[in-house]
Protein chains: 2
Amino acid sequence: MAERRPGRTPVGRKLAVTSKAVGTAFNAALAEQGGSVPVWLILDSLKHGRWTTQLDLARPLGIEGPTLTRHLDNLEAGGLVVRHRSDSDRRAVSVELTTAGEEAYERMLGAVIAFNRRLQAGLTADELRLLDDVLTRLGENVRT
Amino acid sequence: MAERRPGRTPVGRKLAVTSKAVGTAFNAALAEQGGSVPVWLILDSLKHGRWTTQLDLARPLGIEGPTLTRHLDNLEAGGLVVRHRSDSDRRAVSVELTTAGEEAYERMLGAVIAFNRRLQAGLTADELRLLDDVLTRLGENVRT
DNA sequence: TATTGTTATACTCTATAACTATA
DNA sequence: TATAGTTATAGAGTATAACAATA
C-alpha cells in the first residue's frame, strides 16, 4: 500500500472532499435566495450572454441538454425566464431573464459575493491567482 | 455589476465548475471498477480504520448518518463489507471489509492512482503542496 | 435522557434514449 | 440527413423526521 506523507492527502481525494463541503455551503447560501449552484451558474450565463444555442450553454457548465431543459422549465415556471423560438431558425430557442429573474439574480449575486468573501478569508492575492491557475490545469487534465 | 479581471473567475464559481468536472471524471474512473466517489471514500476509511462510530466516519466525508447507512447497505448487499453489533456496546455496529471488499478496494486503488497521476500532470510538487494547503483553508472557511 | 444506528420518505441533480420540429 | 430542443424514464446521492435499541 502506498505510504502517505504526513499532511498530504492525494489531490483527488482532497479535492473531492473539499469541493463537496464548499459546494454544500455554496448551495446553502444560494438556497436562502431561492437558488442553487446549477441555477446560479445558468442565470449568470444568461445574464452575461455567453452563449448561442442551449448546448453551448450547457457544455461549459458540465451538464447535458435535457438537464438544462429541466432547469429552464423550473426557472420559467417560477417566472424568472421566458423562452420563445427564434424567427431566423425556428428550431432554436431564445431564453431571457424577466424582471423577476433579474431581481432574483441580483439577490443571488449578493449571496455569492458574501460567500466568496467568506471563502477567501485569509488567502493572499497570490494564492488566489495560483489557485485559479491550478484549478484551470486540473480541469484541462481531466477533459476527455 | 461587478467587473471581472481578465482570466480571473470568482473562486467559488471556478471551484464549483472545476470540481464538478473533476468529480465526474473521478466517478467514471471508479465506475469502471464498480465504485463511485462516496463508495471509494468509505472503503478507504474502512481500510485505514480511521473511525469508531458510524457518525465519526460520516462526518469527515461530509455525509449524514442515513446516507452512510444506505451506502453500507449497498456494500453489504454486494458482499464487500459485513456488519455486526459490538459486544461491549450493543448500539454500536462494527463494519469490516470482506475478502471481496479488499479485492474491490485494491482494484479501485489502482484506478485512483492512475486518475491522480493524470490529474496532477504538469503540476510541480510546490504547486501540489500549495493546492493542498489552500484547499484545507477553503474547507475551514466554510465549516459551520 | 442521551446515543447509535436504521427506516420511511422525499428531494435535487443528473443522464440516456427516443421523439418532434425544423433545417 | 443533421440539428435544436424536449419528453419519457430512470438512477445516484443526499437529507430530515421518526423510530428502535441500548446505555
Side-chain angles (χ1 to χ4, degrees), chain A residues 16-17 19-31 34-43 46 51-78 81-96 144, chain B residues 16-17 19-28 30-31 34-43 46 51-78 81-95 144:
Chain A
V17 172
S19 65
K20 180 167 190 308
V22 173
T24 301
F26 195 15
N27 240 317
L30 285 165
S36 70
V37 170
V39 161
W40 163 254
L41 294 175
I42 290 167
L43 290 181
L46 289 176
W51 62 297
T52 50
T53 68
Q54 288 195 18
L55 250 192
D56 289 342
L57 169 57
R59 196 68 55 81
L61 303 185
I63 60 177
E64 296 298 321
T67 302
L68 177 58
T69 292
R70 187 188 154 279
H71 284 300
L72 291 177
D73 286 348
N74 291 340
L75 289 171
E76 193 166 41
V81 306
V82 286
R83 284 190 276 201
H84 54 81
R85 306 210 85 100
S86 158
D87 285 331
S88 53
D89 181 345
R90 302 207 27 85
R91 294 172 304 183
V93 171
S94 151
V95 186
E96 284 168 41
T144 45
Chain B
V17 172
S19 66
K20 180 168 190 305
V22 172
T24 301
F26 195 16
N27 240 317
L30 285 165
S36 70
V37 170
V39 161
W40 163 254
L41 294 175
I42 290 167
L43 290 182
L46 290 176
W51 62 296
T52 49
T53 69
Q54 288 195 15
L55 249 192
D56 289 341
L57 169 56
R59 196 68 56 81
L61 303 185
I63 60 178
E64 296 298 321
T67 302
L68 177 59
T69 292
R70 188 186 154 281
H71 284 300
L72 291 177
D73 286 349
N74 291 340
L75 290 171
E76 193 166 41
V81 306
V82 286
R83 283 190 275 202
H84 54 81
R85 305 209 85 101
S86 158
D87 284 333
S88 53
D89 181 345
R90 301 208 29 85
R91 293 171 303 181
V93 171
S94 152
V95 186
T144 43

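We name chains A, B, ... by the order of the sequence lines, and we start the count at 1 in each one.
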Practice problem: Please work out if Gly23(A) contacts a base, only the sugar-phosphate, or nothing of the nucleic acid, heavy-atom cut-off 4.0 Å. | Solution: nothing
Quiz item: For DNA chain C, whose closest nucleotide is more 5', that of Arg91(B) or that of Val39(A)?
Solution: Arg91(B)
Practice problem: Mind calculating the distance between CD1 (Ile42(A)) and P (dG5(D)) to the nearest angstrom? | Solution: 14 Å
Quiz item: Picking from dT14(C), dT7(C), dT6(D), which would you name as closest to the side chain of Asp73(B)?
Solution: dT7(C)
Exercise. Would you kindly give the CZ-to-P distance between Arg59(A) and dA4(D), to the nearest whole Å?
Key: 10 Å
Self-check item: Selection from dG13(D), dG5(D), dC13(C) that lies nearest to any side-chain heavy atom of Val93(A)
Solution: dG5(D)
Self-check item: Spacing between Arg90(A) atom CZ and dG5(D) atom P, to the nearest angstrom
Solution: 13 Å
Quiz item: Please give, in whole Å, the distance from dT14(C) P to Asn27(B) CG?
Solution: 13 Å
Exercise. Quick one: closest heavy-atom pair of Val37(A) and Gly23(A), and the distance?
Key: CG2-O, 4.2 Å
Quiz item: What is the distance, rounded to the nearest whole Å, between atom CG of Leu57(B) and atom P of dT6(C)?
Solution: 11 Å
Self-check item: Per Glu64(A) side chain, nearest of listed nucleotides dA4(D), dT4(C), dA15(C)
Solution: dA15(C)
Practice problem: Give one of base, sugar-phosphate or nothing for Thr69(A), where a contact means two heavy atoms less than 4.0 Å apart. | Solution: base
Self-check item: Ala92(A) side chain, from C-beta outward: closest of dT6(D), dA15(C), dA4(D)
Solution: dA4(D)
Quiz item: In terms of the nearest nucleotide of DNA chain C, which residue is placed more toward the 5' end: Pro66(B) or Ser88(A)?
Solution: Pro66(B)
Exercise. Would you mind reporting whether Lys20(B) and Ile63(A) have side-chain heavy atoms less than 4.5 Å apart?
Key: yes
Practice problem: Round to the nearest Å and state the distance from Trp40(B) atom CH2 to dG13(D) atom P. | Solution: 16 Å
Quiz item: Between atom CG in Asp89(A) and atom P in dT3(D), what is the gap in whole Å?
Solution: 12 Å
Quiz item: Under 4.0 Å between a side-chain N or O of Gln54(A) and OP1 or OP2 of dT3(D)?
Solution: no
Quiz item: If you look at every heavy atom in Leu72(A) and Arg83(A), which pair is closest and at what distance?
Solution: CB-NH1, 3.5 Å
Exercise. Mark yes or no for whether Arg85(B), through its side chain, and Arg91(B), through its backbone, hold a donor-acceptor pair below 3.5 Å.
Key: yes
Quiz item: How many Å lie between CZ on Arg70(A) and C1' on dA12(D), as a whole number?
Solution: 14 Å
Practice problem: May I ask you to verify if any side-chain N or O of Thr67(B) is less than 4.0 angstrom from the OP1 or OP2 atom of dA15(D)? | Solution: yes
Practice problem: Go through dG5(D), dT6(C), dT14(C) for me and flag the one nearest to the Arg83(B) side chain. | Solution: dT6(C)
Practice problem: Indicate, with a heavy-atom threshold strictly under 4.0 Å, whether Ile63(A) touches base, sugar-phosphate, or nothing. | Solution: sugar-phosphate
Exercise. Of all the heavy-atom pairs spanning Asp89(B) and Ser86(B), show the shortest one and how long it is.
Key: N-OG, 3.3 Å
Quiz item: So does Lys20(B) get a side-chain nitrogen or oxygen closer than 4.0 Å to the phosphate oxygens (OP1/OP2) of dC13(C)?
Solution: no
Quiz item: Without hydrogens or angle criteria, can the side chains of Thr53(B) and Asp56(B) be said to hold a donor-acceptor pair below 3.5 Å?
Solution: yes
